[in-house]
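Hydrogens, waters and symmetry mates are skipped; everything else that's a heavy atom, side chains included, is used.
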Amino acid sequence: MHAQEIETPPHQHPAPARPQAAPRDVTAWGRTAPGLTAPGLTAPGLTAPGPTAPGPTAPGNGLATAAMVLGLCGLLTSVVLLGGPLAVIGLILGIAALMTARRTGAGRGRAIAAVAMSALAIVVSGLAAVLLAWYANHTQECYQPDSLSQYTRCVRQQLDGD
């Protein structure tokens, strides 16, 4: 067998360094300000170099985020009874997110917030349903008025007990 020759890349010379402008005093908007220097600026109006490469990030918990969004939407719409079903789904996802957070350690705070908001939304939605049923029961004679003022008068009479 013949030994294969391995080609070595030609010696690479480093690129010549660019001459850098003298450090300028800059603010975050590119204007000069005494005492703030950003070395390496080569053009007027530039501020410090861009963001650095991101480091390792903690694993996310998408269930916690989804549960929190559903819990918040459920809480905001619970008065019109639409929030109840949203909150039930948010509660289920929040409990699943708590189990995931126990395993991974990510998103525990969001999962707790989601469970709390969803539970509160379920309670508010239930109270709204009870109040709506009570109102409908006490004002059922007023549902076919000839005018809004007649309806208002009828409702007041029914709720006052006259």
Side-chain angles (χ1 to χ4, degrees), residues 23-162:
R24 289 183 29 201
D25 293 340
V26 295
T27 64
W29 299 282
R31 297 183 184 132
T32 58
L36 298 174
T37 61
L41 293 178
T42 58
L46 292 179
T47 57
T52 59
T57 59
N61 190 341
L63 278 176
T65 303
M68 194 168 76
V69 168
L70 283 172
L72 181 62
C73 290
L75 189 58
L76 293 175
T77 59
S78 61
V79 177
V80 293
L81 304 179
L82 179 65
L86 290 176
V88 169
I89 296 169
L91 184 64
I92 292 168
L93 288 180
I95 292 170
L98 275 174
M99 289 185 214
T100 302
R102 186 176 298 143
R103 213 173 355 105
T104 64
R108 186 171 190 274
R110 283 179 293 177
I112 291 171
V115 169
M117 280 191 292
S118 296
L120 183 61
I122 290 170
V123 169
V124 171
S125 188
L127 285 174
V130 168
L131 288 175
L132 182 65
W134 176 84
Y135 178 82
N137 187 36
H138 280 78
T139 60
Q140 59 185 317
E141 293 178 9
C142 304
Y143 288 144
Q144 296 182 359
D146 294 331
S147 67
L148 182 60
S149 62
Q150 183 181 0
Y151 173 76
T152 307
R153 195 174 331 114
C154 179
V155 168
R156 284 187 185 147
Q157 288 173 354
Q158 293 298 318
L159 294 179
D160 289 340
D162 291 339

Within this structure, what is the [atom1]-[atom2] distance for the pair [X] and [Y], rounded to the nearest 0.5 Å?
X: Asn61; Y: Arg103; atom1: CG; atom2: CZ; answer: 9.0 Å
X: Ile112; Y: Arg110; atom1: CD1; atom2: CZ; answer: 12.0 Å
X: Leu75; Y: Ile122; atom1: CG; atom2: CD1; answer: 11.0 Å
X: Leu120; Y: Leu72; atom1: CG; atom2: CG; answer: 11.0 Å
X: Met117; Y: Leu91; atom1: CE; atom2: CG; answer: 11.5 Å
X: Gln158; Y: Asn137; atom1: CD; atom2: CG; answer: 10.0 Å

Least distance between heavy atoms, [X] atom then [Y] atom:
X: Ala106; Y: Ala101; answer: O-CB, 3.4 Å
X: Ser78; Y: Ala121; answer: CB-O, 3.5 Å
X: Leu81; Y: Pro85; answer: O-CD, 3.8 Å
X: Gly107; Y: Ala64; answer: O-CB, 3.6 Å
X: Ser118; Y: Gly90; answer: OG-C, 3.3 Å

Contact check, side chains of Ile95 and Met99, non-hydrogen atoms, under 4.5 Å: yes
